[in-house]
Amino acid sequence: MGSIGRQVANLLAVNPRVRFAPSPTGYLHVGSARTALFNWLYARATGGTYVLRVEDTDAERNRPELTENLLAELEWLGLDWDEGPLYQSERRDRHRGVVQDLLNGNLAYLCNADNEEVPGQEITDGLAVRFRMPANQTVAFTDLVRGPVSFATEDLEDFVIWRSNGTPMFLLANAVDDADMGITHAIRGEDLLSGVPKVLLLLDAIGAPHPVYAHLPLLVNAQRKKLSKRRDDVSIADYREKGYLPEAMVNYLALLGWGPPDDVEERPIAEIAKLFALEDVNKAPAFFDLKKLEFINAGYLRALSKEDFMERAAPWVSAEAAPWPAENFDAEKYSIMVGLVQEKLRTLADLPRFVDFLFLDEPVDDPDSWHKAMVKGPQAAEMLDGAAVVLADCSWETEAIKEAVAAVGEGLGIKLGKAQAPIRVALTGRTVGPPIFETMALCLDRQVVLDRIAQARSRL
RNA sequence: GCCCCGUUCGUCUAGAGGCCUAGGACGCCAGAUUCUCAUUCUGGUAGCACGGGUUCAAAUCCCGUACGGGGUACCA
């Protein structure tokens, strides 16, 4: 079936219901975000319903602030949900009832800490409940991304469905909740694939239908290991704080394990939703490539209107975050400078170093830049001396300044590209920055320019 | 160990037996444009894990091997 065929299949699917079911044991992880995104995409592609369910059955590991955090990050990414958030912890009685039913039907049994079966048919404090694994059966299902998969029950153990502390285990709660909530498609990470046969058996035992499963390839690090909180940069919050845009983040994430049919990679997520089909998802793990994320982020940054850009960038130039004294900030000059540097950034975090010289009492001291332009560069002293003379009385506008500096350079036999370097470093502290002649004409007073050139000259 | 899954340029992917001399994107390299950087443009680099089949024809189907990953908790 071609990609078009799959999109038709999407439309034919009747009212799919999907869910993202994170456990709030940490901040939102890029792998989880990708799972949430693919659920969202599938729901939006099919006109289905996307449910958010918080799997907080492990009371010892859960903390409420982590849940709030999780929801905030999902909102930031723009992955709005249609129902929920539902909290699994609030369904304890239902889970307990199901476990008791299984016990009554002898499909499960009580078990002590030594994993020995103990007689009895009532859920008992201090005793766990295990599901009785049927012998000699093959559990088979067709995964939407991986195709037919089967397991033999001999390879499966009697697994715990109810803890001795009176709480349900993941497999049980997950299966019951999916059934009760009418989940038709369970879209999640491949690490959950081997749990499917147990869930299917459980579903059969309680007489519930099987959802369709789709197991997404894992996101891996450079060592090809599953992304882990400990080793890798996986927190969505960190990417936000590093100056990545949510639309760039979801666009990039959509490209891991899936490719657009027309090779157009950079596009709004709503457009991706129209092209998305679960059957097109790859089976092989994908490496999270920061370089490509940066590239995509830079594209989104450039595409922002100036107003949008300034709004998004505000946190990076706020009084608390900025490297300059707040009272030096000049909104008008900043606004002009944004127009000159927006296209140069890869992340919003790059912004301060492109504009800081405007608001700092003195430009930053960047040894590499100084060395490159003032020490290694040609005739830095002569350039600064010459510039000081011509800039003292040339007309204070971009072209005039540019011509004046170029003339000094020509007199010394240096092209403008090299000639401007010492001046740029004298004014901004760095070899890389905004177009320097515009910056002078529009944002720097003649006297400041002359002072900074003199200051730099005296250091030579 | 056992079970399950996977393998197309360095990376993300297109590919559904002939359209493949394997396409695109990121990266990298070179060049053009440019007041730095960035942008933009042009060109280049580089891949079907291996071995057997099936077929007139295989990246694509089958089997095996190798390698990689996931699972195997009173975590989720």
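Throughout, a chain's letter reflects where its sequence line sits, starting with A, and its residues are numbered from 1. Not measured: the values here are computed from a predicted model.
For the residue pair A:His215 and A:Asp191, no side-chain donor N or O sits within less than 3.5 Å of a side-chain acceptor on the partner. Side-chain atoms of A:Ser335 and A:Lys306 form a donor-acceptor pair, as typed in the model, at a separation below 3.5 Å. In this model, a donor atom of one side chain and an acceptor atom of the other lie less than 3.5 Å apart for A:Asp56 and A:Ser89. Between the side chains of A:Tyr239 and A:Asp233, no donor-acceptor pair of N or O atoms lies under 3.5 Å. For the residue pair A:Gln88/A:Asp177, the side-chain donor-acceptor check at 3.5 Å is satisfied. No donor-acceptor contact under 3.5 angstrom links the side chains of A:Asn39 and A:His185, judged on distance only. A:Thr167 and A:Arg163 are linked by a side-chain donor-acceptor pair at a separation below 3.5 angstrom, with hydrogens and angles left out of the test.
Counting only heavy atoms from C-beta on, A:Leu255 has its side chain closest to B:C12 among B:C12, B:A38, B:U13. For A:Pro435, the side-chain atoms get nearest to B:U36 when compared with the rest of B:C74, B:U36, B:C12. Checking B:G69, B:C74, B:C35 against every side-chain atom of A:Leu218, the shortest atom distance belongs to B:G69. Among B:C35, B:U72, B:C37, the nucleotide with an atom closest to any side-chain atom of A:Arg424 is B:C35. Residue A:Leu256 places its side chain closer to B:C12 than to any other of B:U39, B:C35, B:C12.
Checked against the 6.0 Å centroid threshold, A:Phe38 and A:Phe276 count as a close aromatic pair.
Protein atom NE2 of A:His215 is 11 Å distant from nucleotide atom C1' of B:G71, rounded to whole Å. In this entry the distance linking CZ of A:Phe131 with C1' of B:C74 reads 17 Å, nearest Å. Spacing between atom CG of A:Leu192 and atom C1' of B:A73 amounts to 14 Å, rounded to whole angstrom units. Counting to the nearest Å, the C1' atom of B:C75 and the NZ atom of A:Lys198 are 13 Å from each other. Taking atom NZ of A:Lys372 as the reference point, atom P of B:C35 lies 16 Å away to the nearest angstrom. Separating the CG atom of A:Leu340 from the C1' atom of B:U39 is a distance of 14 Å, rounded to the nearest angstrom. For the pair A:Phe437 CZ and B:C37 P, the interatomic distance rounds to 13 Å; values are reported in whole Å. Straight-line distance from the CZ atom of A:Arg224 to the C1' atom of B:A49: 14 Å, rounded to whole Å.
Nucleic acid contact for A:Lys418: none, since no nucleic acid atom lies under 4.0 Å from a heavy atom of the residue. Within 4.0 Å (heavy atoms only), A:Ile436 reaches at least one base atom of the nucleic acid. Within 4.0 Å (heavy atoms only), A:Gly189 reaches no atom of the nucleic acid at all. Residue A:Lys226 is in sugar-phosphate contact alone, with no base atom involved, counting any heavy-atom pair closer than 4.0 Å across all strands shown. Within 4.0 Å (heavy atoms only), A:Pro434 reaches at least one base atom of the nucleic acid. Looking at heavy-atom distances under 4.0 Å, A:Asp143 makes no contact with the nucleic acid at all. Nucleic acid contact class of A:Asp350 (heavy atoms, under 4.0 Å, all strands): none. Among the protein residues, A:Ala113 comes within range of the nucleic acid bases, having at least one heavy atom under 4.0 Å from a base atom.
Taking the six-membered ring where tryptophan is involved, the planes of A:Phe288 and A:Tyr252 are perpendicular, since the angle between them exceeds 60° and thus also 30°.
The same atom, P, is picked in B:U8 and in B:A14; the two are 11 Å apart, to the nearest Å. B:U13 and B:C50 have their C1' atoms separated by 23 Å, given to the nearest Å. Nucleotides B:U60 and B:G53 place their P atoms 14 Å apart, quoted to the nearest Å. B:A32 and B:C48 are spaced 35 Å apart, taking the C1' atom of each and rounding to whole Å. Here, B:U11 and B:G27 have their C1' atoms 8 Å apart, quoted to the whole Å. Look at the C1' atom in both B:G44 and B:C63: the space between them is 40 Å, to the nearest Å. Separation of the C1' atoms belonging to B:A59 and B:U7 is 12 Å when rounded to the nearest angstrom. A gap of 24 Å separates the C1' atoms of B:G24 and B:G6, to the nearest Å.
Pairing for B:A14 is absent, judged as Watson-Crick or G-U wobble with the two contacts each under 3.5 Å. Base pairing of B:A66 is made with B:U7, judged by Watson-Crick or G-U wobble geometry with both donor-acceptor distances under 3.5 Å. The partner of B:U60 cannot be assigned: no Watson-Crick or G-U wobble pair with both contacts below 3.5 Å exists in any strand. In this structure B:U54 sits in no base pair that meets the Watson-Crick or G-U test at under 3.5 Å. The partner of B:U21 cannot be assigned: no Watson-Crick or G-U wobble pair with both contacts below 3.5 Å exists in any strand. B:C74: no Watson-Crick or G-U partner with both key distances under 3.5 Å is found in any strand. B:U42: Watson-Crick or G-U partner is B:A30, with both key distances under 3.5 Å.
Between A:Asp350 and A:Lys242, none of the side-chain N atoms (NZ, or NE/NH1/NH2) sits under 4.0 Å from a carboxylate O, so this pair counts as no salt bridge. Ion pairing between a basic and an acidic side chain is recognised when a charged N comes within 4.0 Å of a carboxylate O; A:Arg130 and A:Glu116 show no such pairing.
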Taking N or O atoms only and anything under 3.5 Å, show me the protein contacts with nucleotides 1-7 of chain B, one pair per line.
| from | atom 1 | to | atom 2 | distance (Å) |
| --- | --- | --- | --- | --- |
| B:C5 | O2' | A:Arg146 | NE | 3.1 |
| B:C5 | O2' | A:Arg146 | NH2 | 2.7 |

At a cut-off of 3.5 Å, list every protein nitrogen or oxygen paired with a nitrogen or oxygen from nucleotides 22-28 of chain B, distance to 0.1 Å.
| from | atom 1 | to | atom 2 | distance (Å) |
| --- | --- | --- | --- | --- |
| B:G23 | N2 | A:Asp263 | OD1 | 3.4 |
| B:G24 | N2 | A:Glu265 | OE2 | 2.9 |
| B:A25 | O2' | A:Glu265 | OE1 | 2.7 |
| B:A25 | O2' | A:Lys292 | NZ | 3.3 |
| B:A25 | N3 | A:Lys292 | NZ | 3.2 |
| B:C26 | O2' | A:Lys292 | N | 3.4 |

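Along RNA chain B, the nucleotide nearest to A:Pro217 and the one nearest to A:Pro22 differ in position, and the one closer to the 5' end is contacted by A:Pro217. Judged by closest nucleotide on RNA chain B, A:Gly433 is the one of A:Gly433 and A:Arg130 placed further toward the 5' end.
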Acceptor/donor pairs from residues 169-176 of chain A side chains to any protein atom, 3.5 angstrom cut, sequence neighbours excluded:
| from | atom 1 | to | atom 2 | distance (Å) |
| --- | --- | --- | --- | --- |
| A:Asn174 | ND2 | A:Glu55 | OE1 | 3.4 |
| A:Asn174 | ND2 | A:Glu55 | OE2 | 3.1 |

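Atoms CE and OH, from A:Met249 and A:Tyr244 in turn, are 8.5 Å apart once rounded to the nearest 0.5 Å.
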